[in-house]
There are 2 protein chains.
Amino acid sequence: MSRAGGGGAGSAIGRAGCGSLCEQCRVRGISVCRSIEPAALDELERIMTRIELPAGRVLFDEAAPAEGLFTLVDGVVKLFKMLPDGRRQITGFLLAGDFLGLAFFNSYAYSAEAVTDATLCRFPRDRFLALLERHPALEKELLGRASSELAAAQEQMLLLGRKSAKERVASFLLMLARRQQAAGRTTVALAMSRHDIADYLGLTIETVSRGIRAAAAEGLIRLIDRHHYVVVDDRRLRFAAAAE
Amino acid sequence: MSRAGGGGAGSAIGRAGCGSLCEQCRVRGISVCRSIEPAALDELERIMTRIELPAGRVLFDEAAPAEGLFTLVDGVVKLFKMLPDGRRQITGFLLAGDFLGLAFFNSYAYSAEAVTDATLCRFPRDRFLALLERHPALEKELLGRASSELAAAQEQMLLLGRKSAKERVASFLLMLARRQQAAGRTTVALAMSRHDIADYLGLTIETVSRGIRAAAAEGLIRLIDRHHYVVVDDRRLRFAAAAE
DNA sequence: CGCGTTTTTGACAAATATCAATGCAGGTGG
DNA sequence: CCACCTGCATTGATATTTGTCAAAAACGCG
């Protein structure tokens with residue numbers, strides 16, 4: 001499936017434009033990396049703080065005052081919203097290079113929590129916005145990211161609103177594979193729990209489990225163990241994902 | 001009368017972010033109206049073309065080369081994506097003042113079609129992007145819009161992934177009421193068909209119909225006719241929408 | 001090696017889709 | 001102006017999908 005950004009599930013998953021995190025930016029610990037003048041990079045570096053976030057730790061809560069913006073340097077972070085009674089919807093999994101925390105109202109629209117141990121850079125909101133004024137290229141970069149995140153969000157709405165359980169699971173398996181293939185891997189890692197997958201796909205853990213097993217039984221994938229698989233039949237997997 | 005619910009009525013519906021459509025911009029026929037320097041407005045006006053789109057007419061198709069950007073001056077437009085077998089997900093309804101067509105890859109991520117007769121302004125993509133270079137305030141405006149659309153998309157993912165049919169319908173009725181109340185109306189117009197509502201909420205038309213009737217039977221709303229209602233019990237409607 | 005947690009599996013229940021009429025309203029042509 | 005026609009909406013009966021509940025199996029960890 002041709003998901004904008006080559007796999008941008010949910011919010012800000014690695015984007016074609018940014019490709020793999022460029023080395024220079026990785027070193028600098030920031031991911032806003034395309035077409036940014038060195039002067040802006042220097043300024044960014046001056047106002048940033050590095051954060052180590054252990055797996056399961058909350059970075060910020062929905063509706064909290066948005067005092068920081070972040071880039072993810074390493075690890076996986078999930079974004080989610082909750083209903084008053086505890087139902088949860090994960091809106092995206094973020095990978096290295098992704099940006100989060102942009103809140104044009106003054107509070108976050110979602111919560112963010114580390115799936116694995118993660119490393120981030122934090123930029124104080126006011127100073128970052130001030131910096132934005134002086135560096136239009138940075139603003140353009142953010143607009144591009146927001147735009148592709150929006151495309152990914154729309155793709156996810158299609159999945160949530162119109163795909164069957166099996167199609168959702170196949171779409172997810174395909175999306176993960178695409179992202180990791182882009183990084184040259186053939187074995188795909190399922191870093192997140194069945195519970196997280198379920199809350200991302202709008203299903204229950206049981207239905208996710210059955211969907212994954214069915215995909216394996218039908219020869220679309222081969223399961224190495226509960227958290228690793230290989231795509232065996234890409235064409236049929238795409239078909240199962242209703243992606244063609 | 002046209003299903004537009006009266007073109008004038010549609011256009012009166014403001015947008016939270018933009019407030020009500022500013023008069024100056026209405027006159028100029030463009031909706032990118034906050035904090036834009038007059039010079040930029042003049043330039044925008046110079047490159048724009050006005051378009052009248054009859055109800056049901058397609059503005060552009062998903063995956064088509066994105067050669068234009070648009071602002072909606074009057075009427076209602078729906079954005080949607082389709083699966084190969086014809087299933088459809090409407091990702092949003094646009095009202096006067098909304099912007100569409102931003103595509104940072106070179107093709108549209110979704111199709112756009114008029115729900116009611118609509119008036120738009122078209123800006124050629126290349127010239128608009130060039131103009132963006134010279135007017136950072138315009139870029140900031142777009143970033144703000146993209147950001148709030150993203151928040152709305154995440155809210156919709158929560159609805160599609162985790163809310164029951166009745167909650168979805170209640171959320172929809174509440175959302176429409178909020179948008180129209182902001183414009184000082186008390187009777188809410190349901191400009192779109194049950195089919196469109198169903199494709200927006202990820203349901204079938206029958207389930208939407210039952211949901212609306214149930215909301216009326218429970219005294220949350222009072223139906224004037226099939227395309228108009230009044231919110232009777234806001235608090236319970238919010239509760240039914242799982243919004244509190 | 002045993003224990004708690006996650007995942008899988010199975011039986012059953014509930015929500016929603018599907019199928020099938022029927023009703024309603026607006027537009028059209030007589 | 002009225003009656004019919006057509007498409008949209010509603011309603012009801014039934015089917016299907018997916019969720020719920022319960023338990024067993026697998027895994028990770030001390």
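Chain naming here is simple, since letters A, B, ... match the order of the sequence lines and numbering starts at 1 in each. Side chains are part of it too, since the values below use all heavy atoms of this structure and drop only hydrogens, waters and symmetry mates.
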(message) How many whole angstroms separate atom CZ of A:R194 from atom C1' of C:dT8?
(response) 9 Å
(request) Assign each of A:G202 and B:I205 to its nearest nucleotide of DNA chain D by heavy atoms, then name whichever residue's nucleotide is nearer the 5' end. (result) B:I205
(message) Determine whether B:F172 and B:Y200 satisfy the following criterion, ring pair (Phe, Tyr, Trp, His ring centres under 6.0 Å), listing intermediate values before the conclusion.
(response) CA-CA 9 Å; B:F172 181 72; B:Y200 179 63; 5.7 Å; yes
(request) Please tell me which of the listed nucleotides, C:dA17, D:dT20, C:dT7, lies nearest to the side chain of B:T204? (result) C:dA17
(request) Identify whether the distance between the nearest side-chain nitrogen and carboxylate oxygen of A:R238 and A:D233 falls below 4.0 Å. (result) no
(message) On the nucleotide D:dG7, are OP1 or OP2 found under 4.0 Å from the side-chain N or O atoms that B:H195 carries?
(response) no
(request) Give, ordered by number, those residues of residues 162-169 of chain B having at least one heavy-atom distance below 4.0 Å to an atom of DNA chain D; if nothing qualifies, reply none. (result) none
(message) To the nearest 0.5 Å, what is the distance between CD1 on A:I205 and CZ on A:R194?
(response) 10.0 Å
(message) Salt bridge check, A:R178 against A:D234: does any charged N sit closer than 4.0 Å to a carboxylate O?
(response) yes
(request) In whole angstrom, give the distance that lies between atom CG of A:D199 and atom P of C:dT6. (result) 13 Å
Just the atom pairs and distances: protein N or O near nucleotides 26-30 of chain D's N or O, under 3.5 Å.
from: D:dA26; atom 1: O4'; to: A:R226; atom 2: NH2; distance (Å): 3.2

(request) Output yes when A:D199 and A:K78 qualify as a salt bridge under the 4.0 Å nitrogen-oxygen rule, no when they do not. (result) no
(request) Run the salt-bridge test on B:E218 and B:R236 with the 4.0 Å N-O cut-off and return the result as yes or no. (result) no
(request) Rounded to the nearest angstrom, tell me the gap between atom CG in B:L223 and atom P in D:dT11. (result) 10 Å
(request) Kindly compute the distance separating CG (B:L53) from OG1 (B:T119), expressed to the nearest 0.5 Å. (result) 9.0 Å
(message) If you only use heavy atoms from C-beta on, which nucleotide in C:dA17, D:dT11, D:dC21 is closest to the side chain of A:E206?
(response) D:dC21
(message) Can you measure B:L201 atom CG to C:dA17 atom P for me and round it to whole angstrom units?
(response) 10 Å
(message) Please confirm whether the shortest side-chain N or O distance from A:T207 to OP1 or OP2 of D:dG19 is below 4.0 Å.
(response) yes
(message) Please tell me if B:H227 has a side-chain N or O lying less than 4.0 Å from either OP1 or OP2 of D:dA9.
(response) yes
(message) Counting only heavy atoms from other residues, nucleotides and ligands, does the tally under 6.0 Å from CZ of B:R222 exceed 12?
(response) no
(request) Specify the separation, in whole Å, of atom CD1 of B:I197 and atom C1' of D:dC8. (result) 12 Å
(message) If I take atom CG in residue A:L159 and atom C1' in nucleotide D:dT18, what distance separates them, rounded to the nearest angstrom?
(response) 15 Å
(request) Could you check which of D:dG19, D:dT10, C:dT7 has an atom nearest any side-chain atom of A:L203? (result) D:dG19
(message) Given D:dT18, D:dT11, C:dG10, identify the nucleotide with an atom nearest to the side chain of A:R210.
(response) C:dG10
(request) Mind checking B:G211 for me? I need base, sugar-phosphate or nothing, with any heavy atom below 4.0 Å counting as a touch. (result) nothing
Can you give each donor-acceptor pair under 3.5 Å made by side-chain atoms of residues 56-65 of chain A, sequence neighbours left out, with the distance rounded to 0.1 Å?
from: A:E62; atom 1: OE2; to: A:K81; atom 2: NZ; distance (Å): 3.3

(message) Please determine whether a side-chain nitrogen or oxygen atom of B:S209 lies at a distance below 4.0 Å from atom OP1 or OP2 of D:dA9.
(response) no
